[in-house]
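Below you'll find the structure, written out as structure tokens, and then a few comments.
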Protein chains: 2
Amino acid sequence: MTEDETVQASARGPHPHGHVTLEDVARHVGVSAQSVSNALNNPARVAPATRDRILAAVTELGYRPNRSARALRNQRSRLIGVKVEASRGDRAALLLDQFLHALAESAGAAGCHLILCQSDDEAGEIAAYRELLDTTSVDAFVLTSTHAGDGRVEALRRWGVPVAAFGRSWDGDEDLAWVDVDGRAGIRAATEHVAAQGHRRIAHVGWPLSSETGRDRRAGWRDACTDLGLDTVRHAEVPDDFAAGRAATHRLLDAPDPATALICASDTIALGALRALSERGLRAGADVAVTGFDNSPAAALTTPGLTSLHQPLEQVAHDLIATVEEILGGTPSRRQTLLRPELVIRESSLRGATAQDATPTKETR
Amino acid sequence: MTEDETVQASARGPHPHGHVTLEDVARHVGVSAQSVSNALNNPARVAPATRDRILAAVTELGYRPNRSARALRNQRSRLIGVKVEASRGDRAALLLDQFLHALAESAGAAGCHLILCQSDDEAGEIAAYRELLDTTSVDAFVLTSTHAGDGRVEALRRWGVPVAAFGRSWDGDEDLAWVDVDGRAGIRAATEHVAAQGHRRIAHVGWPLSSETGRDRRAGWRDACTDLGLDTVRHAEVPDDFAAGRAATHRLLDAPDPATALICASDTIALGALRALSERGLRAGADVAVTGFDNSPAAALTTPGLTSLHQPLEQVAHDLIATVEEILGGTPSRRQTLLRPELVIRESSLRGATAQDATPTKETR
DNA sequence: AAAACCTGTCCATTATGCAAC
DNA sequence: TGTTGCATAATGGACAGGTTT
């Protein structure tokens, strides 16, 4: 339809830029621009026959409403702001591309688009949000990686801006709309999985206790161990990087009566653990089980493959967009959702596994 | 300044939404809205003293021009369209998050923002671009992963839309503005590096010859081998996935007089090669050298670490935005840029390396 | 006469209310 | 009287050209 027209080059209409406007459609049909607008936005106000003629012309001419004009008039841009984070080389993929893709897809289905902003610190991020708001560029924001006392949440709330967060409100905020993944249940599943492989001395390599997510994941490990009658003395709390995971693993394995399984809070840490095992001449899987979290590309592609927890990012993205739309539409309903991650089992946690058993097994709990 | 105001909640101005407009500033200073506009966009037209008063009021009230109004008037949105791709689990990180972050940063510095679209096939991508154009949502596009006979390039050119591509114009198009990374030089450097480690039978595991990028990278390997007096009989052409890299490696090593070094066209393939070596009981580095391309997170975090070629994505992003800005400004100058990747050496290509020698060495050529 | 400022009209769209059939 | 279509005004900003001092 519009596919084979030239936009800027040939200006055969009255407009130098060649865009089709309401006026063009109106002229073509022989009605006023208002009727065209009504036919599209308020069909009840226009006679069925006229409406059909108008809609036919809309299709024929390939009319699409001008985003700026519509935004100006409606005070609504149909743009959702998202921040992109810098990825660090010492961390496994941040899943950002998967997440953004899913988010863009859901937004598209809802007739919205994503607008990016970028910042490396919280103050800068808040300033970037503020600028988008001041220039009336966005209707809402999607936040990622919330934490207790999150300044962004506080600022956006103060400004009365619609928000949905990937990451729960750790300070018990009942109002914030969020979607999160149940790390506790995920880590619990991973722990039970290695226990089922016969492991009894299961350690946790987690994040510092200052991290709410870290405490949540550690609780999953503790839950499982307690239920299974295993002790919970073997654990470490380290920053989320490769070197820290590696060093913590060495420390844990140097202890008397060392762990035979390592439940890690992230793939990054788990990959560090795999390195440490290799340095000690131990085989992941056969000698020491290792599991991660995130199911990053690196987990699938490293050797041996790393057992990990897959986050349902498509679902997260869908729910976030749905939530934002509800808030914008003025009918907020379910606002806080916890989703289950899926355990993806690979060789790093399988006792008898050789590299030939490379087919990954999914086990949903 | 504007930081501590409430946007939507308190409407203390004449506007229900609480945004500061030109009119507000004008009223506050006691001039017309036009003078405020002139003070900002055409300072020469307003007396210095008045201009200072106006600018002071702009700062004081926190005035920011309304994006939609400005776009409507100027026929320019200051938005740049970018497509986000779905990442596949059988491929190493697509560098998308690093690239997007850098792109967003450069765009921000140029006073622009990125708007995302999403599609899984070329036709859908073109339709998404078309929609953004028809709704006058974007001024330009940044493309990634161009190929010969690229339908997107063709369509955007036909429409007369400003574009800059990450990836050269493989069909010799002199007009397309692009930035690319010199894969041939990079692969050549990797090949020379393993040769310097004493390897003489160096194989290439590359992409199908239907891929221009694949041919380019293979040429780098061939260049180096020819210069060094090594033969170029050992090579494979496979799709860019883990399983293909693994299978190709087994085939190459099953041959009589097998290769002792594998120069791979991507980290994904190289990670497959590492898996194959492990399955044969061979040690990467000590027994067979392996190199990848992209320096993905997985390359840094796998064991042994994977030698790879780092793409200067910040530079790519900066150049792409600069190019787009030049085209939009009507003064296109340098339009085609080839950047050198950087060889990051890790254990997978070092003869005597043990996992303890984990400190990566960078070697720029 | 020139510097400084402002009026008018346009960008594309939509909510409101009025005229007409 | 009720339906149907249209003129008006407003959204916020920028530019050309005209008016003021």
Side-chain angles (χ1 to χ4, degrees), chain A residues 11 13-55 57-58 61-78 111 133-137 139, chain B residues 11 13-54 58 61-78 111 133-137 139:
Chain A
H15 308 287
H17 51 268
H19 286 288
V20 180
T21 71
L22 271 188
E23 201 77 50
D24 297 329
V25 179
R27 213 187 343 263
H28 190 262
V29 181
V31 295
S32 76
Q34 306 324 311
S35 295
V36 180
S37 175
N38 285 334
L40 293 168
N41 304 307
N42 208 350
R45 282 180 75 107
V46 63
T50 322
R51 201 181 57 216
D52 291 346
R53 283 195 301 138
I54 291 174
L55 295 182
V58 162
L61 302 179
Y63 167 76
R64 313 273 5 237
N66 181 306
R67 171 188 294 270
S68 302
R70 185 198 274 255
L72 182 58
R73 176 67 232 214
N74 295 345
Q75 301 291 329
R76 187 143 290 186
S77 64
R78 304 219 57 89
L133 288 170
D134 282 342
T135 56
T136 58
S137 304
D139 294 341
Chain B
H15 308 285
H17 49 270
H19 286 288
V20 181
T21 71
L22 269 188
E23 202 76 50
D24 297 329
V25 179
R27 212 184 346 260
H28 189 263
V29 181
V31 295
S32 75
Q34 310 323 310
S35 296
V36 180
S37 175
N38 284 334
L40 292 168
N41 304 306
N42 207 351
R45 283 178 74 107
V46 64
T50 320
R51 201 181 58 216
D52 290 346
R53 282 196 301 140
I54 291 174
V58 163
L61 301 180
Y63 168 75
R64 312 272 5 236
N66 180 306
R67 171 188 294 271
S68 303
R70 184 202 278 258
L72 183 58
R73 174 65 232 219
N74 295 348
Q75 301 288 329
R76 187 143 290 184
S77 64
R78 305 220 56 91
L133 288 169
D134 282 342
T135 57
T136 58
S137 304
D139 294 339

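Convention: sequence-line order gives letters A, B, ...; per-chain numbering from 1. No experiment lies behind these values; they were computed from the predicted model shown.
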Per atom distances to the A:Ser35 side chain, the nearest of D:dG12, D:dG5, C:dC5 is D:dG5
Rounded to 10°, the helix from C:dC10-D:dG13 to C:dC21-D:dG2 deviates from straight, judged by its five-pair end axes, by 40°
Sorted by chain and number, sequence neighbours left out, side chain to side chain contact (heavy atoms under 4.5 Å, CB included) with A:Asp52 holds for none
Given protein heavy atoms under 4.0 Å, the one-letter contact record of nucleotides 14-21 of chain C, with B base, S sugar-phosphate only and - none, is simply BBBB----
Only pairs under 3.5 Å count here: list side-chain donor-acceptor contacts from residues 35-43 of chain A, not counting sequence neighbours, and write none if there are none.
unit_1  : atom_1 : unit_2  : atom_2 : d
A:Ser35 : OG     : A:Ser32 : OG     : 3.4
A:Ser37 : OG     : A:Asn41 : ND2    : 3.3
A:Asn38 : ND2    : A:Gln34 : O      : 3.4
A:Asn41 : ND2    : A:Ser37 : O      : 3.1

By side chain to side chain donor-acceptor pair (under 3.5 Å), A:Arg70 pairs with (sequence neighbours left out) none
With no hydrogens and no angle check, do the side chains of A:Thr136 and B:Arg67 hold a donor and an acceptor under 3.5 Å apart?
no
Quiz prompt | Any donor-acceptor N/O pair, B:Arg76 side chain to B:Asp139 backbone, under 3.5 Å | solution = no
Atom CD of B:Glu23 and atom C1' of C:dC6 are separated, to the nearest Å, by 12 Å
**Message:** For A:Asn66, is there any backbone N or O sitting under 3.5 Å from a side-chain donor or acceptor partner on B:Thr135?
**Reply:** no
For D:dG5, does OP1 or OP2 lie under 4.0 Å from any side-chain N or O of A:Thr50?
yes
Across all chains, not counting sequence neighbours, the side chain to side chain contact (heavy atoms under 4.5 Å, CB included) partners of A:Arg53 are A:Val29, A:Val31, A:Thr50
